[in-house]
Amino acid sequence: MKGKDILREIIGTSGGEFYTPIPKGYKPGKTKYIVITGSVMSGIGKGTISSSLCKCLQDRGLKVEPMKLEAYLNVDSGTLNPFRHGEVFVLDDGYETDLDLGTYERMLDKNLSRDNFVTSGRVYQTIIEKERSGKYLGRDVQFIPHVTGEIKSFVRELAVKSKADIIPIEIGGTVGDYENMFALEALRELHYEEGPENVCFVNITYIMQPNSLGEQKSKAAQLGIKRLIAMGIQPDVIVCRSESKLNDKIREKISLNTNVPMENVVGVHDVSNIYSLPLALRERGFDEKVLQTLELNKKFVSNGNTGLKKWVKETSVSGKGKKLTIGIAGKYTGSSDTYISILKALEHCSFATNHKIGIKWIETTKIEKGDESVEKALKGVDGVIVPGGFGVRGIEGKIAVAKYCREKNIPYLGLCLGFQIALIEIARNVSGLKGANSTEFDPKAKHQVIDILPEQLDIEGLGGNMRLGGKDVEVKPGTITAKTLGNANKIRRRFRHRFECNPEFIETFEKAGVVFSGKAPKVDIMQIFELPKHKFFMASQFHPEFTSRPLKPDPMFLEFVKKAAE
Ligand code: GLN
């Protein structure tokens, strides 16, 4: 029996042990699936390899729609602490996701939506809501088949909505975690129902090379993959991540122990430039093997490596540009994942300008406590970014940084919180409003120049309820901002905030030399401002970093980098 027939049989069985809701319009076999799991440990580049695979497939002309199944019980990523979990990435539709979605968007140059990111919390929330409204028709609701059934339903809904040729599904976490057990079980069922020619399992594993031995060891990888097999999932392709080139003895051992032919065991050792990874994977036959499993390799033939080689060239930095140091004044400076989209946006500028950009992390809590002077913290810095953030810690340090940049003519780019910080600074030090602040940091501030958005006043709780996602911004003609944006009169950017420039102070700010060069259509929400007399001083209430793409750097970032280089 072929997969399609199995599925037909299951759908035809009502009231039985199966629970496989099939969305309207679903055509079995139209969309194929790649399930990407990790074994041995996390942090080995599962997201990067998955997105590189997507790039290879897109390069062959497939319509690719990546999906991430995240194991945690949060309904979305909005309430996660970026210091622990990395940046919260905001999609155009306002959904708050894990930073991996940013990697996919940048790699594929494509906007994704809430359908591309599903957490266990969202699955359970759906189930509990359905149960309360009697949708399970008197059945006891069970992990199998109901939880697994809902997970498959999310996957198939994406297939129907997107009409994709292929949906690569990345499973968060590592094989053996309790949290992702049901996702794995759901995808085992998907493989059974859709048939082996429609679902390809890829496992990304890690080959250790302990210093004391100096040689590669495959035991941990073997055990990790066996665990997957014990769950009824036979990988079709295995990617072995290792520090140095994968040796053949290890490839043989992996093959022997996991039923995966040698030619389907692909080695990926550390590369310095992740943009070269799609080409490296192609050269090792990775996308070809995956498409062979799915019987798509003849339909979507590789165009040679021309496209991917061009991409590598376009994403490299020649030695011709300058060496710049950009200061990022935040508080989560322990991990670069916290500000990953900002680092990527700067990287995109370096592709366009050939300037090599180094980062200096400016820990503003130190400045605030008086442990470090602003002069010292900003020494050798060509430009400063004050990124987004929440809460009062480090705020006074950031205000001191903004003041120094304004007074010393150092290029300044303010992003969301960085917009608010610069306005507070100008209110205090140019307009003379002593005690000016945001009500986020001082609810009783004498001059509440930054205040909560009226729409936010009645909202309780913290999940998914900020002013979120892609919105239009009207650009004021004749401003530096307009010029920077190619004289566009309207742009669309992504937001994530609760507070705004208090409209009562717009005039005060304008008298102080602030030009509000971008605002929300119809309402008085200020969204970009500039200081025209300054070398470069621009700030936005939105996050331009979320929409910067490798070959289409965000224009505000680009202008900032160019001015920093002058
Ligand atoms: N905390 C500020 C607000 O809520 C800034 C938010 C941000 O930087 N993303 O408006």
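We count ligands from 1, going down the list as the structure has it; atoms in each ligand are counted the same way. Only heavy atoms go into these numbers, but all of them, side chains included; no hydrogens, no water, no symmetry mates.
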Ring centroid separation H85 to Y72 under 6.0 Å: yes
task: Assess whether atom NZ of K323 is packed by more than 12 heavy atoms of other residues, nucleotides or ligands within 6.0 Å.
output: no
task: May I ask you to check whether S341 and R106 show a side-chain donor-acceptor distance below 3.5 Å?
output: yes
statement: atom 1 (N) of ligand 1: closest protein heavy atom, distance to 0.1 Å, is E440 OE1, 2.7 Å
- prompt: Between Y104 and E65, do the side chains contain an N or O donor and an N or O acceptor separated by less than 3.5 Å?
  reply: no
field: Q541 N/O to ligand 1 N/O under 3.5 Å
entry: no
query: Does even one non-hydrogen atom of Q420 get within less than 4.0 Å of ligand 1?
result: yes
- line: re atom 10 (O) of ligand 1, the protein heavy-atom contact at minimum distance is F499 N, 2.9 Å
query: Taking both backbone and side-chain atoms of F390, is any N or O found less than 3.5 Å from an N or O belonging to ligand 1?
result: no
query: Between F536 and Y412, does a ring pair (Phe, Tyr, Trp, His ring centres under 6.0 Å) hold up when you go through it step by step?
result: CA-CA 6 Å; F536 181 91; Y412 178 96; 9.1 Å; no
message: Could you identify the single nearest non-hydrogen protein atom to atom 3 (C) of ligand 1 and state the distance to 0.1 Å?
response: R498 N, 3.5 Å
field: 4.0 Å heavy-atom contact, H543 with ligand 1
entry: yes
query: Taking the minimum heavy-atom distance to atom 5 (C) of ligand 1, which of G389, G418, G388 ranks first?
result: G389
field: Spatial distance of atom CG (D371) from atom NZ (K376) [nearest 0.5 Å]
entry: 10.0 Å
